[in-house]
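What follows is one structure encoded as structure tokens, with my remarks underneath.
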Amino acid sequence: MSGIGQVLVAVYAVLALGATARSFVQIVEKFAEAPLAYSLSAASAAVYVVATLALIFSRRPGWYTVAWIAICFELAGVLVIGTLSLVLPDLFAHPTVWSVFGQGYVFIPLVLPFIGLWYLITHKPAASPEVRS
């Protein structure tokens, strides 16, 4: 992996660390204040961790598919949570990573899955040769 792939992995890794740390502190210190929001932050952190690992190993069998699933799930999460946080703001007592389409993270959560999907489309793993008997 080189160039844009390394940058993409670095951004995913930073989001994974940031979202994990944020959700850990929120859950430990004030989970009762906003259990839905903090649980969604933890879920987004898990998605970023999986997406980071899947992108790193995307040339290995199975990981390319895991990357697709993680990034599609991330995109759906950003769009659904972003929309709900605007339409039903009372549902989210506190912001999540994906609230208002990632506003608290400079909208990187909204843009990143599109870049991730573009990367996966343009960097498909080479087909493995068939084993003949």
Side-chain angles (χ1 to χ4, degrees):
M1 179 179 292
S2 63
I4 188 70
Q6 290 177 333
V7 172
L8 186 62
V9 167
V11 173
Y12 267 102
V14 167
L15 270 177
L17 288 171
T20 300
R22 176 184 181 166
S23 65
F24 177 78
V25 170
Q26 289 172 328
I27 289 170
V28 168
E29 291 184 353
K30 47 190 176 181
F31 184 75
E33 292 178 21
L36 175 62
Y38 298 153
S39 296
L40 289 170
S41 285
S44 68
V47 170
Y48 287 126
V49 169
V50 171
T52 302
L53 292 172
L55 285 168
I56 290 170
F57 300 118
S58 64
R59 296 286 182 211
R60 296 183 183 175
W63 282 102
Y64 182 78
T65 303
V66 172
W68 267 99
I69 293 167
I71 294 172
C72 286
F73 184 86
E74 171 196 4
L75 179 58
V78 170
L79 295 175
V80 170
I81 302 305
T83 301
L84 287 175
S85 65
L86 291 173
V87 176
L88 302 169
D90 294 339
L91 188 60
F92 301 94
H94 295 230
T96 73
V97 175
W98 293 337
S99 291
V100 192
F101 306 105
Q103 180 180 24
Y105 288 80
V106 198
F107 298 102
I108 292 170
L110 178 61
V111 176
L112 194 59
F114 290 105
I115 297 170
L117 292 173
W118 167 82
Y119 179 81
L120 291 174
I121 290 167
T122 60
H123 294 83
K124 294 179 183 172
S128 58
E130 290 185 37
V131 177
R132 296 185 188 249
S133 47

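This is a predicted model, so every value here is computed, not measured. Because only heavy atoms are used, hydrogens play no part in the values below, and waters and symmetry mates are left out as well, while side chains stay in.
Trp98 and Ile27 are not part of a single hydrophobic cluster, where members link through side-chain heavy atoms under 4.5 Å apart. In this structure, Leu36 is a member of the same hydrophobic cluster as Val47, with clusters built from ILVMFWY side-chain heavy atoms closer than 4.5 Å.
Every residue meeting the side-chain contact (heavy atoms from CB on, under 4.5 Å) condition with Ile69, not counting sequence neighbours, appears here in chain and number order: Thr65. By the side-chain contact (heavy atoms from CB on, under 4.5 Å) test, Ser39 pairs with Phe31, sequence neighbours left out. Applying the side-chain contact (heavy atoms from CB on, under 4.5 Å) rule to Leu53 yields the partners Val49, Phe57, Trp63; only residues at least two apart in sequence or on another chain are considered. Not a single side chain to side chain donor-acceptor pair (under 3.5 Å) links Ser44 to another residue, sequence neighbours left out. Every residue was checked against the side-chain contact (heavy atoms from CB on, under 4.5 Å) condition with Ala43, not counting sequence neighbours, and none meets it.
In this structure, Trp68 and Tyr64 have perpendicular ring planes: the angle between them is above 60°, well past the 30° mark.
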Distance-only criterion, 3.5 Å: show the donor-acceptor pairs between side-chain atoms of residues 106-117 and protein atoms not counting sequence neighbours.
none

Do any side-chain atoms of residues 78-87 form donor-acceptor pairs under 3.5 angstrom with protein atoms, and if so which ones, sequence neighbours left out?
unit_1	atom_1	unit_2	atom_2	d
Thr83	OG1	Leu79	O	2.7
Ser85	OG	Ile81	O	3.1
Ser85	OG	Gly82	O	2.8
Ser85	OG	Val100	N	2.7

Mind listing the side-chain donor-acceptor pairs of residues 8-21 below 3.5 Å, one per line with the distance, residues two or more places apart or on another chain?
unit_1	atom_1	unit_2	atom_2	d
Tyr12	OH	Glu74	OE1	2.6
Thr20	OG1	Ala16	O	2.6

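Shortest non-hydrogen contact noted between Ala37 and Pro95 is CB-O, 4.5 Å.
Distance alone, capped at 3.5 Å, places no donor-acceptor pair between the Ser41 side chain and the Tyr38 backbone.
Within 6.0 Å of the CZ atom in Phe101, the count of heavy atoms belonging to other residues, nucleotides or ligands exceeds 12. Other residues, nucleotides and ligands contribute over 12 non-hydrogen atoms within 6.0 Å of the CZ atom of Arg59.
With a 4.5 Å cut-off on side-chain heavy atoms, Tyr119 and Leu55 count as touching. Using a 4.5 Å heavy-atom cutoff, the side chains of Tyr48 and Val97 are in contact.
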With side-chain contact (heavy atoms from CB on, under 4.5 Å) as the test, would you mind laying out the steps for Glu33 and Gln26 before giving the verdict?
CA-CA 9 Å; Glu33 292 178 21; Gln26 289 172 328; over 6 Å; no
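Residue pairs satisfying the side chain to side chain donor-acceptor pair (under 3.5 Å) criterion with at least one member in residues 108-117, sequence neighbours excluded, are absent.
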